[in-house]
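What follows is a set of notes on a single structure, which appears directly below.
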Amino acid sequence: MKRFFILTAFAFFFLPAARAQNGMVVYQTDFGLKDGAVSEMKGVAMQVDPTLKLYDLTHEIPAYNIWEAAYRLQQTVRYWPKGTVFVSVVDPGVGTSRKSVVMKTKSGHYIVSPDNGTLTLLAESMGIAELREIDEKINRLPGSGGSNTFHGRDVYSYTGARLASKKISWDQVGPLLPAKVVAIAYQQAVIEGNQIKGNIPILDVQYGNVWSNIPEKMVEKLGIHYGDKVAVEIYQEGKLQYSGQAPFSATFGAVAEGQPLSYINSLMNFSLALNMGNFAATNRIGSGPGWTIVVKKLL
Amino acid sequence: MKRFFILTAFAFFFLPAARAQNGMVVYQTDFGLKDGAVSEMKGVAMQVDPTLKLYDLTHEIPAYNIWEAAYRLQQTVRYWPKGTVFVSVVDPGVGTSRKSVVMKTKSGHYIVSPDNGTLTLLAESMGIAELREIDEKINRLPGSGGSNTFHGRDVYSYTGARLASKKISWDQVGPLLPAKVVAIAYQQAVIEGNQIKGNIPILDVQYGNVWSNIPEKMVEKLGIHYGDKVAVEIYQEGKLQYSGQAPFSATFGAVAEGQPLSYINSLMNFSLALNMGNFAATNRIGSGPGWTIVVKKLL
Amino acid sequence: MKRFFILTAFAFFFLPAARAQNGMVVYQTDFGLKDGAVSEMKGVAMQVDPTLKLYDLTHEIPAYNIWEAAYRLQQTVRYWPKGTVFVSVVDPGVGTSRKSVVMKTKSGHYIVSPDNGTLTLLAESMGIAELREIDEKINRLPGSGGSNTFHGRDVYSYTGARLASKKISWDQVGPLLPAKVVAIAYQQAVIEGNQIKGNIPILDVQYGNVWSNIPEKMVEKLGIHYGDKVAVEIYQEGKLQYSGQAPFSATFGAVAEGQPLSYINSLMNFSLALNMGNFAATNRIGSGPGWTIVVKKLL
C-alpha cells in the first residue's frame with residue numbers, strides 16, 4: 001500500500017516533466033558554417049550548462065529567408081522529443097523593433113526566435129500553448145550589450161540554453177504575450193468550385209520537383225484519379241508563370257521522358273515533376289509565399 | 001580467493017560487452033545539410049534514447065553514389081570504437097526490393113544500410129561476422145508507414161538508435177541472412193606478368209591527384225624504385241582515357257612543374273599527380289568502379 | 001568548525017580545477033566535410049574517452065589559409081568555457097620541421113595546433129600562459145606512424161582528446177617551450193600623425209563589407225565624428241589598391257545607394273561598406289596579413 005502511494009506520488013510529481021525542457025537545444029540559422037558564429041552560440045550554451053546536448057537543424061537557410069526558416073521548422077520539430085528547445089536565428093530585422101520571443105507549442109516544443117514570420121507555419125500546425133517575449137534585461141549574456149552585440153549568441157542562444165537547462169523557468173523567459181505570432185500571408189489550400197488553389201512552399205531542389213501545400217484529400221475530393229488529365233497554372237505574385245497539363249500519375253514512368261506529370265509526394269501533397277527532368281528549372285518556378293498554384297481536373 | 005572469483009566472474013560477464021553496442025551512432029547520407037532530413041533522423045534517435053551520442057561521417061556523398069558511400073565507410077569505420085553503430089543512407093533503390101540490413105563486422109562495428117553495394121568494401125576489409133535483415137514490422141518508427149515514409153528516418157535511424165541503445169538486442173534486428181552482401185564489381189589490385197592492374201577508387205579532390213588501390217608492396221614486387229620510369233594507362237569502362245609516363249618519385253619536386261609523376265600516397269597506395277597541377281582535371285580522370293589503371297615499369 | 005575546514009579544503013583543492021580541462025574538444029580544420037577526415041579525428045577521440053564532448057568551430061577554412069585559422073580562433077575561443085581544448089589543423093607544412101604544440105592561454109583555454117602562425121592572434125589577445133611541444137613518442141595514436149600518417153588524427157586529435165579527458169596532465173603533453181609562437185607579421189593598428197594605419201584581417205563576406213583592426217577609440221582620438229569626411233587608402237603588399245572618400249556614418253542610409261561609407265562594425269572596429277552594394281567586390285579588396293588600410297580625417 002505504501003509502495004503504491006509512493007509510486008503514485010512519483011507519477012504525480014514527475015510525469016508532467018515529460019513536457020518540461022529536456023536539456024536538448026537544436027540550432028537553425030542562415031549563418032553558414034564558414035565562420036565562427038554558430039560555434040560562438042554553442043560555446044555560450046556550454047558556459048550556461050556543460051551537460052546540455054546541442055544539435056543542428058540547418059545553418060544553410062538562404063540569407064534572410066524567413067519563409068524557408070519557417071518551413072524547415074515545420075518539417076523537423078515534430079521529430080524531436082517534447083521539451084526540446086529550438087533556437088532559430090534568421091533575423092533580417094535585427095536592430096529594429098521586431099520582438100524576441102519564445103513560443104511554446106501545444107506539443108510541448110519550445111522555439112526561440114525573432115517574431116518575424118519564422119513561427120508562421122509551426123503556430124498553425126502545432127498550435128501555440130503560450131508565447132513569451134524575452135526579457136533582455138535578465139536574459140542576455142553578462143557583459144554583452146552596447147553595439148558589440150550578436151543577438152543570436154548573446155540573447156537567443158543564451159536564453160535557449162538557460163531555458164533548456166532549467167536555469168530559468170518558462171515564466172522567467174519574460175512577460176506573456178497574446179498567443180499570436182507575426183504570420184506571413186500565403187495561399188492556404190482551398191477548394192473553390194471545380195479547382196484547388198494552394199501555395200508552393202518549397203522546391204524539392206535536388207530533383208527540381210515542385211511541391212504544393214494541397215493535401216491528397218483535396219485532390220480526391222475533386223475526383224482526380226490516377227490517369228486523369230490535370231490542368232495546372234502557377235502564378236508568382238499574381239502573374240501567370242506556367243500553364244500546362246500534367247497527368248496525375250502513380251509513377252514517373254507513366255509519361256514519356258521529359259514530359260510533365262503530377263503526383264502525391266512523400267508529405268502526401270500534390271506535386272509536379274518532369275519524368276527524368278527538372279520541372280522547376282525548365283519552367284522557372286520558384287517557391288515561397290508569393291507562389292500560387294491552381295489545379296483543375298480536365299474532362 | 002573470493003575476490004579472485006568475483007573478478008573472474010566480472011570479466012566473464014562483462015568483457016564480451018567490449019564489442020557490444022556502445023551508445024554511439026555515426027550518420028552518413030547523400031542528403032546534404034540544407035534541409036531538415038538529417039535533423040529529423042537525429043530527432044528520432046533522441047526519441048529512442050536521449051543518452052545516445054550522435055556523430056557524422058559525411059552528408060555530402062554525391063547523390064546516389066553508392067561507391068563513394070562504400071569508400072568513405074571503408075576509410076572511417078576503423079577509427080571509431082568497436083560497438084559503434086553506423087547509419088548509412090545512400091539509397092537510389094528506395095521503394096524497390098533492395099533489402100534493409102545491419103552488418104556486424106568481425107571488428108565489432110555495426111552498419112545499418114540498404115544492401116545495395118554500400119557494404120562492398122567494408123565486407124572485404126573487415127569481414128562479415130553476421131548479417132541481419134531489418135524486420136520492418138518491429139523496427140519502424142511507430143505511426144510511420146504508408147506512403148508518407150522516409151526510410152532513412154523511420155527505419156534506418158530508428159533501428160540504428162534502438163540497436164545502439166540496446167533497446168533491441170542484435171538478434172531482434174531481424175532474421176539472419178547468409179553472410180554475403182551485394183557487392184559492386186571493380187578491378188582488384190593484381191600483378192599480371194610485368195604489369196599491375198588496379199582500380200581508381202577515389203580522387204584526392206582538393207589537389208586533383210589520382211589514387212589507386214594498388215598497394216606499395218605490389219609496386220616493390222614489380223621492381224619499381226624511386227627514379228624509375230613508369231608507364232601508366234587509365235581506362236574508363238574499358239576505354240583508354242590516358243596513356244603516359246610518370247616517373248616514380250619520393251617528392252613532387254622530382255619533376256618539373258606541370259609534369260606527371262607517380263608516388264605512394266598516405267594510404268600507402270600507388271598514386272598519380274602533376275607537380276603543382278591537377279592530374280585528374282588535366283587528363284579528365286574520374287573515379288569509381290568503372291575506372292581501371294595499368295602500371296608497367298619501363299626499362 | 002570541522003565543516004568549515006572541510007569546505008575550505010574542498011575549495012583549496014578543487015577550485016583551481018575551474019581552469020583545468022573540462023572534457024570539451026572543439027575542432028577547426030581546412031578539410032571540409034565531404035570526406036571522412038574529420039570523422040576519423042572524432043572517432044579517435046571517442047576511442048580515447050567516450051565521455052568527451054566534441055564540437056566544431058569550422059571545417060571550411062580555405063585550404064592552407066593559416067591567417068584565417070588564426071582569425072577564427074581569435075573570434076571564437078573566448079565564448080567557450082575555460083578549460084576547453086581546441087584542435088586546429090591547418091597545416092601546409094605537414095612533414096616539415098614546424099613544431100606541433102599546445103598553447104595554454106592566460107584565460108585557461110588550450111589550443112592544439114602546428115606552430116605555424118595559427119596562434120598569432122590568440123597569443124596577442126589572450127596571452128600565453130605556457131607553451132609545450134607535443135612529444136610524439138608518447139602522444140601518438142598507437143599503431144600509427146610510418147608514412148601512413150595523418151597528423152590531424154594521429155597526433156593532434158589524439159593529444160587533444162587525451163588532454164581534455166585528463167588521461168594525460170598538462171605536463172605530459174611534452175617539454176615546455178619559451179612562451180613565444182611563430183607569428184604572422186601584419187600592420188597593427190597605430191596612429192601616425194594625422195592618420196591611422198591598420199590591417200584588413202577579414203571581409204564580412206556575406207555583404208562584401210571591409211573590416212579593419214582599427215578600434216573605435218583610435219577613430220575618436222583622431223577626432224572623427226559622424227558626418228565627417230574620411231579619406232581611405234587600401235594597399236595590398238604595399239601597392240595602392242583603393243583610394244577614396246567614405247563619410248563616417250551611423251547608418252548605411254546616410255549615403256546614396258551604391259555610395260561608400262565608413263562605420264563601426266559589431267566588433268567595434270572601423271569598417272567600409274557600399275550602401276546596398278558590395279565594397280570588396282566592387283573595389284577588388286581582399287583580406288589577410290598583406291592588406292593595409294590608412295584612414296585620414298578630411299577638413
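So you know, we letter chains A, B, ... as the sequences are listed, proteins then strands, and number each from 1. Since we're looking at a predicted model, the values are computed, not measured.
The minimum heavy-atom distance linking Asp35(C) with Thr58(B) is given by the pair O-CB, 4.0 Å. The shortest non-hydrogen separation linking Thr76(B) to Ser39(C) is CG2-OG, 3.6 Å. Residues Lys34(C) and Glu68(B) approach most closely at O-OE2, 4.4 Å, considering heavy atoms. When every heavy atom of Gly43(C) is checked against every heavy atom of Pro81(B), the shortest pair comes out as O-CD, 3.8 Å. The two residues Arg72(B) and Gly36(C) come nearest to each other via the heavy atoms CD-N, 4.1 Å. The shortest heavy-atom contact between Pro50(C) and Met24(B) is CB-CE, 3.4 Å.
The closest side-chain heavy-atom distance from Trp80(B) to Val44(C) is not below 4.5 Å. Contact check for Tyr55(B) versus Met46(C): side-chain heavy atoms found under the 4.5 Å cut-off.
Distance check: Gln47(C) CD to Lys82(B) NZ gives 8.0 Å after rounding to the nearest 0.5 Å. Summarising the geometry, atom OH belonging to Tyr79(B) is positioned 9.0 Å from atom CZ belonging to Phe150(C); distances are rounded to the nearest 0.5 Å. In this structure, CG on Asp56(B) lies 8.5 Å from CG on Leu33(C), to the nearest 0.5 angstrom.
For Asp30(C), the part sitting under 4.5 Å from any heavy atom of chain B is the backbone (N, CA, C, O) and nothing else. Proximity to chain B (any heavy atom under 4.5 Å) is restricted, for Tyr64(C), to the side chain, taken from C-beta onward. Only the side chain of Tyr207(B) comes within contact range of chain C, with heavy atoms under 4.5 Å apart. Contact of Val26(B) with chain C is made through the side chain alone, with heavy-atom distances under 4.5 Å.
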